[in-house]
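First the structure, in the form of structure tokens, and then the observations on it.
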Number of protein chains: 2
Amino acid sequence: MAKATGLTHNQQIVFDVLSHADRPQTAYEILGSELAHENGLKAPLTIYRALEALVDKALVHRIESLNAFIACDHEPHPEPAAFLICRNCRKTHETTMEACSGIFQATARQQLFTVEQVTIEMSGLCAECQAQARS
Amino acid sequence: MAKATGLTHNQQIVFDVLSHADRPQTAYEILGSELAHENGLKAPLTIYRALEALVDKALVHRIESLNAFIACDHEPHPEPAAFLICRNCRKTHETTMEACSGIFQATARQQLFTVEQVTIEMSGLCAECQAQARS
DNA sequence: ATCTATCACGTTATGATATAACATTTCAAA
DNA sequence: TTTGAAATGTTATATCATAACGTGATAGAT
Ligand SMILES: [Zn+2]
Ligand SMILES: [Zn+2]
Ligand SMILES: [Zn+2]
Ligand SMILES: [Zn+2]
């Protein structure tokens, strides 16, 4: 759970909620959390604004295929992350994809496309849920 | 624009709409299209059901970061596709990512994770929109 | 031929995700 | 102290997606 500085009050609350969660949280799940409620965050827009700022600061990643958000596992990083997302328990593992950066860049360059943002998400079953399925 | 067989009436309509579109379409954009309207498709669920079947058949891909759908550029393929998505005009280029498959598999294997679905989306500016921005 | 299981489809309602518009507060730089 | 930018509050609304339940077409079994 990374520490963060220079956050506003609302951003800090939202970041704390995500940092303590063991899987990605939707904006409305964050809104419904005890921590958010205790601190007076009670409108969706409040959450979305904080999330936008946190994503800009690269402290939080948006998981597109879940419409949810997860605190970054590492120090804030510009390079693309990849996520292994369990479709059963939603637990999500973050990893970097440096090995693919060159391939992505080459692909984009071929199309004269300027990449600003890369999303890599792999959905499937985590080890625990596979074991559970077998039992 | 690929041809498709074994589609139901609704699926064929939705597929035709996507095939003629020059960029990904949301379910509600499809719903609002002339072709859909002419053919009596008038409820969101009708569109979503057809889309689900088309995605299952791999004739259509879902673009997670747009909540939209695009007809597959190629013959139906099981291997993951990657998309270059212009944030300005939304035009989207599909390409395959065979070069990354090994890396993805290795990453998953390390976590004992079974991958079922891979999403690769790159957002940025297409060549046309870059030129336009400069002028 | 008709029964029955299955699948696609229709219809209505509702749930879930996200943003627009505008007012107010905060707070630090000038 | 003024004042301007950023953050926040509040209300309303837009956008995306599915639940629940009923109907009609199709096809194999009897
Ligand atoms: Zn990260
Ligand atoms: Zn799991
Ligand atoms: Zn494809
Ligand atoms: Zn463009």
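In what follows, chains are A, B, ... by sequence order, proteins preceding strands, each numbered from 1.
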Worksheet, complete the sentence: Sorted by number, residues from residues 22-38 of chain B placing a heavy atom under 4.0 Å from DNA chain D are B:Thr26, B:Tyr28

Practice prompt. Given side chain to side chain donor-acceptor pair (under 3.5 Å), test B:Gln110 with A:His93 step by step and report yes or no.
Written response: CA-CA 11 Å; B:Gln110 229 170 18; A:His93 174 80; over 6 Å; no

Worksheet item: Is B:Met122 reachable from B:Ile70 through a run of I, L, V, M, F, W or Y residues, each pair having side-chain heavy atoms under 4.5 Å apart?
Response: no

Worksheet item: Which atom pair, heavy atoms only, marks the closest approach of B:Val17 to B:Ser33?
Response: CG2-OG, 3.5 Å

Worksheet item: Tell me: CD of A:Glu64 to P of D:dC16, nearest whole Å?
Response: 13 Å

Worksheet entry | Centroid separation A:His61 to A:His77 less than 6.0 Å | yes

Fill in: Which atom of B:Ala36 lies closest to which atom of B:Leu31, heavy atoms considered
CB-O, 3.9 Å

Are any protein N/O atoms closer than 3.5 Å to N/O atoms in nucleotides 7-12 of chain C? If there are, list each pair with its distance.
{"unit_1": "C:dC9", "atom_1": "OP1", "unit_2": "B:Thr8", "atom_2": "OG1", "d": "3.0"}
{"unit_1": "C:dC9", "atom_1": "OP1", "unit_2": "B:Asn10", "atom_2": "N", "d": "3.4"}
{"unit_1": "C:dG10", "atom_1": "OP2", "unit_2": "B:Asn10", "atom_2": "ND2", "d": "3.2"}
{"unit_1": "C:dG10", "atom_1": "N7", "unit_2": "B:Arg49", "atom_2": "NH2", "d": "2.4"}
{"unit_1": "C:dG10", "atom_1": "O6", "unit_2": "B:Arg49", "atom_2": "NH1", "d": "3.2"}
{"unit_1": "C:dG10", "atom_1": "O6", "unit_2": "B:Arg49", "atom_2": "NH2", "d": "3.3"}

Worksheet item: How many Å lie between OH on B:Tyr48 and P on C:dT14, as a whole number?
Response: 19 Å

Worksheet entry | Rounded interatomic separation in angstrom, taking CZ from B:Arg90 and P from D:dT15 | 12 Å

Item to complete: Consider only side-chain heavy atoms of I, L, V, M, F, W and Y, link residues closer than 4.5 Å, and tell whether B:Tyr48 and B:Leu41 are in one cluster.
Response: yes

Worksheet item: Does B:Arg62 place a side-chain N or O at less than 4.0 Å from the phosphate oxygens OP1/OP2 of D:dA17?
Response: yes

Worksheet item: CG of B:Asn67 versus C1' of C:dT19: gap in Å, rounded?
Response: 14 Å

Item to complete: Enter the distance from A:Ile63:CD1 to A:Phe69:CZ here, rounded to the nearest 0.5 Å.
Response: 9.5 Å

Worksheet item: In whole angstroms, how far is the P atom of D:dT18 from the CG atom of B:Leu51?
Response: 11 Å

Worksheet entry | Euclidean distance, atom CG of residue B:Leu66 to atom C1' of C:dA18 [Å, nearest integer] | 15 Å

Worksheet item: What integer distance in Å separates A:Leu54:CG from D:dA7:P?
Response: 11 Å

Worksheet entry | Shortest non-hydrogen separation from A:Ala108 to A:Val115 and the atoms involved | CB-CG2, 3.4 Å

Response to the item:
So side-chain hydrogen bond (donor to acceptor under 3.5 Å, both in side chains) across residues 119-134 of chain B, not counting sequence neighbours, yields A:Thr114-B:Gln130, B:Ser65-B:Glu121

Discussion item. Just the rounded figure in Å: distance from C1' of D:dT8 to CD1 of A:Ile13.
Written reply: 14 Å

